[in-house]
Every structure is written in C-alpha cells, then in structure tokens.
2 protein chains.
Amino acid sequence: MTTYKLTYFNLTARAEQIRFLLSYLNVDFEDVRIEHEQWPAIKPTMPFGQLPVLEIDGKTFNQSTAICRYLAKKAGLAGDDEWESLLVDIAVDNIYEIRQVIMNYYHEPNEEIKSKLRDPIVNYSIPFYFDRFEKIVSENGGYFVNGKLSWPDLYFVSILDHMKWVIDVDLVDGRPHLTALKHKVLAIPQIKSWIAKRPKSP
Amino acid sequence: MTTYKLTYFNLTARAEQIRFLLSYLNVDFEDVRIEHEQWPAIKPTMPFGQLPVLEIDGKTFNQSTAICRYLAKKAGLAGDDEWESLLVDIAVDNIYEIRQVIMNYYHEPNEEIKSKLRDPIVNYSIPFYFDRFEKIVSENGGYFVNGKLSWPDLYFVSILDHMKWVIDVDLVDGRPHLTALKHKVLAIPQIKSWIAKRPKSP
C-alpha cells in the first residue's frame, strides 16, 4: 500500500488542498505539523527550502499544485480528456493567482506599504477575480468545469477560510453560486469527515 | 486543422514558452503582437484581463502554464506516466517560482524598494534555485526529468534571455549542465528555426 506523509506547519494555508485531496481519496496519510521553532533545522533538508512536502512511499516531493494534480488524477478529478484537463488547469491557476495577490499582502514586511495594499485588493482585485469565478460557476452547472466536480472546486473551498483570515473578507458572501459550491464541497462525506477531525489551526 | 492564435506583446516574457511549444509541434500559429497603446482597449475583452491568451479553434484560453501543459501533452513532453508527469510539473513550478521572484523585482514600482531587492535575489535566490537546477540536470542525464526532453527543459530555456535582461545575470554561466541543456534545446531544429525567424523584441 502506498504511504503518504505530509509535512507542513499547523496551518491550512498551502497544505489544506493536499489534505482535501488525500481525504477525498480515502487514503490514510501522516499529517505532520511542525512547530515554527523546528523550522530552521528542517528547512535545509527540504528540496527547495519550503513546505509543504509530500512523501510518497518515502520519496519527497515539493510544489503543492503539482502534488495536487497528481493526486487529482488518481481521484478522477483532473479532467476526463485533454480539453477538460486544460480547463481544470486554467481554473486552478486563476484561483492560484488571486490567492498569491492576497498572500503577497500578508507577507509584506513593511507596515506602511502593507496598509496601502489592502484597499486595492479588497475593492478591485477580489471583485475582479471572484465575480469572474461566480460567473464561471454559474455557467458551468455549479462547478468550475463542465458541470461536475473537479479539483479546482476542492482547491477553491480549501483556501477560503485562510483567505478570510488573511484579508478579513468573506469571498463567497453575496455570490450565490460560489456559496452553493462551498456548501456542496463541504458536504462531500470524506471532506466533511476530514474537517470534523482535523486539528484546530489558527 | 486546428488553428492557433497567440496574442501577447512584442516580448518573449510570458509567451515565449508557448511559442517554443507551438514551434516544437510544427504547427502554424498566428503570432499577434499588440502595441502597448492598444492594450487599454483590449484588456477588458480578455478572460482575466491579462495576456498572453491562446485561441484554439476560436476559443480563448488564458494562463500560460496551463496552455503549455496542454500543448506539451500533444508534443509528448508532459511525462509518459503519472510519476513522470508529477516530476515534470514539479520542475515547471520550481522554475516558475524563481521566475516570479525576478519578475516581482522587475514590477516593483518604488525605485527605493527596487534597489534594495536586487542584491538578495542575485546573491541568494538565484544561486539557491539555479544551483539546485544544475544538480537536478546533472543527476538526470542532462535534462530536468528522467534523462529525456520534457517541457520544463523548453520552458527553462525560453525564459533565459528575458531573465538576463531583467536582472542582468547570466543564469547558466558557471553551471555547465544548464549551459549544455541550453545549447541542446536551442539546437532542436524547430526551436532553432523559430529563433531564426522570430521578430526582434527588446
């Protein structure tokens, strides 16, 4: 049996999308959550000095999006043909892009700059992306791609809490199709069960 | 016959990886290069307000990495099985990551901040990533993945000139395996022919 060991911090952030997919696949995985004090010793041992990493049968892989795509293929959530996989990959990268905008704000070390960054993100970038997501989901039968569940749907829902915590905006509020998608994903038995049992994180 | 129409600026930047793959596939493509004066009128018509986009048989797609993965599958350069595709996707995302670090420097509007950003990128980030790339390529028979050509190799070489122009560092200089990979990719007949005929850009 394949063994999976995920290493990250005690955060949802960049790892929750992997945890969602592993849970969806109904596979057991070791969910290692290191303390920030441990990080300086662990960092030099990581392939590109970053977390999360997933060990699959003892081999260590970085890059959360690539890892998710691999797991999504196993789950049948990566598109049924090349066209659908293209649409799936585009949806993921569109979500990733606005996530990065919000995370760049979070990581800005200069408080003066940071305070000026929030307004354009809240008033321009978030509506720009999330209104488009709302339209895409409304036109695709309640999902990001072709009227059926694929991994952009799981990815999208997996980051919502963290995004809300970072930028203090409920990203699906007032967007009924995205709200419905969120509830649909959270009602998937494996996801529901994962969320009920996952460790509390900030 | 499938028609391809690429729209971007007269730059290599984010589109050259797509042009490399279309050339590798030996397909005709329309290579539209808009002037910056045209951009304000075109921007609102783009799916997420950005370029490049690729029209395939009249349908418009954004997200250059997703587009490249689609084309790479057609070219047999996206991995022969799920494991190899995972390694290919990781390699691409590792390259993308350091590219973003360099592009964030380029796009920094504040000259004072920008002047402070260059040193840590040149002295820390670039060696950190490119020494790892050199090691990976040295351990994989002269390619990023499994001793054979895959699209990370094309992607890597397609961005080198632009990265050098932005940060004024030759990223393969002093790294013999990356230098050899660069020459190998540039010697692929379709790539060689594309570079000979492509329009001059800054």
Side-chain angles (χ1 to χ4, degrees), chain A residues 2 43-44 46-50 53-54 56-57 59-74 78-79 81-98 100-101 104 107-110 112-113 116 124-125 128-133 135-136 145 152, chain B residues 2 43-44 46-50 53-54 56-57 59-74 78-79 81-98 100-101 104 107-110 112-113 116 124-125 128-133 135-136 145 152:
Chain A
T2 309
K43 187 176 169 64
M46 291 296 126
F48 278 78
Q50 294 183 330
V53 295
L54 183 67
I56 307 176
D57 286 337
K59 289 191 189 111
T60 303
F61 300 98
N62 72 321
Q63 290 298 354
S64 54
T65 308
I67 292 166
C68 283
R69 188 174 298 105
Y70 172 81
L71 297 173
K73 286 177 191 168
K74 293 201 177 296
D81 56 31
E82 288 182 2
W83 267 109
E84 228 175 62
S85 295
L86 171 61
L87 298 174
V88 162
D89 285 350
I90 289 171
V92 165
D93 287 352
N94 285 332
I95 298 166
Y96 183 88
E97 204 163 82
I98 180 62
Q100 280 303 99
V101 170
N104 287 346
H107 289 298
E108 174 56 53
N110 181 316
E112 198 192 326
I113 296 172
K116 288 181 193 151
Y124 176 73
S125 306
F128 185 91
Y129 278 83
F130 284 80
D131 289 352
R132 276 166 178 73
F133 295 156
K135 187 160 181 287
I136 288 168
V145 177
Chain B
T2 308
K43 187 175 169 64
M46 291 296 127
F48 277 79
Q50 293 183 330
V53 295
L54 183 67
I56 309 177
D57 286 337
K59 288 191 189 114
T60 303
F61 300 98
N62 73 321
Q63 290 299 352
S64 54
T65 308
I67 291 167
C68 283
R69 188 174 298 106
Y70 172 81
L71 297 173
K73 285 177 191 167
K74 292 201 178 296
D81 56 31
E82 288 183 1
W83 266 109
E84 228 175 64
S85 296
L86 171 60
L87 298 174
V88 162
D89 285 351
I90 290 171
V92 165
D93 287 352
N94 285 333
I95 298 166
Y96 183 88
E97 204 163 81
I98 179 63
Q100 281 303 99
V101 170
N104 287 346
H107 289 299
E108 174 55 53
N110 182 317
E112 197 192 325
I113 296 172
K116 287 181 194 150
Y124 176 73
S125 306
F128 185 92
Y129 278 84
F130 285 80
D131 289 352
R132 276 166 176 75
F133 295 156
K135 186 160 181 286
I136 288 167
V145 177

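Every chain is numbered from 1 and lettered A, B, ... according to where its sequence line falls, protein lines coming before strand lines. Both backbone and side-chain heavy atoms feed into the values below; hydrogens, waters and symmetry mates do not. Model, not experiment: these values are computed from the prediction.
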Engineer: Is a side-chain donor-acceptor pair under 3.5 Å present for B:N94 with A:Q63?
Structural biologist: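 On atom types as modelled, these side chains qualify, holding a pair under 3.5 Å.
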Engineer: Taking all non-hydrogen atoms of both residues, which atom of A:F128 and which atom of B:F48 are closest, and how far apart?
Structural biologist: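 Scanning both residues, the minimum pair turns out to be CE2-O, 3.4 Å.
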Engineer: Give a yes or no on this: more than 12 heavy atoms of other residues, nucleotides or ligands lie within 6.0 Å of atom NZ of A:K43.
Structural biologist: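 Yes, NZ of A:K43 has more than 12 neighbouring heavy atoms, counting only those of other groups under 6.0 Å.
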Engineer: Heavy-atom pairs under 4.5 Å with chain B: which of A:P47, A:S64, A:S85 has the most?
Structural biologist: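 It is A:P47.
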Engineer: Quick one: which of B:D89, B:N110, B:L86 has the most heavy-atom pairs under 4.5 Å with chain A, could you say?
Structural biologist: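 The answer is B:L86.
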Engineer: With a 4.5 angstrom heavy-atom cut-off, which part of A:Q50 approaches chain B: side chain, backbone, both or neither?
Structural biologist: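 For A:Q50, the side chain is the part near chain B, not the backbone.
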Engineer: With a 4.5 Å cut-off on side-chain heavy atoms, are B:E84 and B:V145 touching?
Structural biologist: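 B:V145 vs B:E84: side chains touch.
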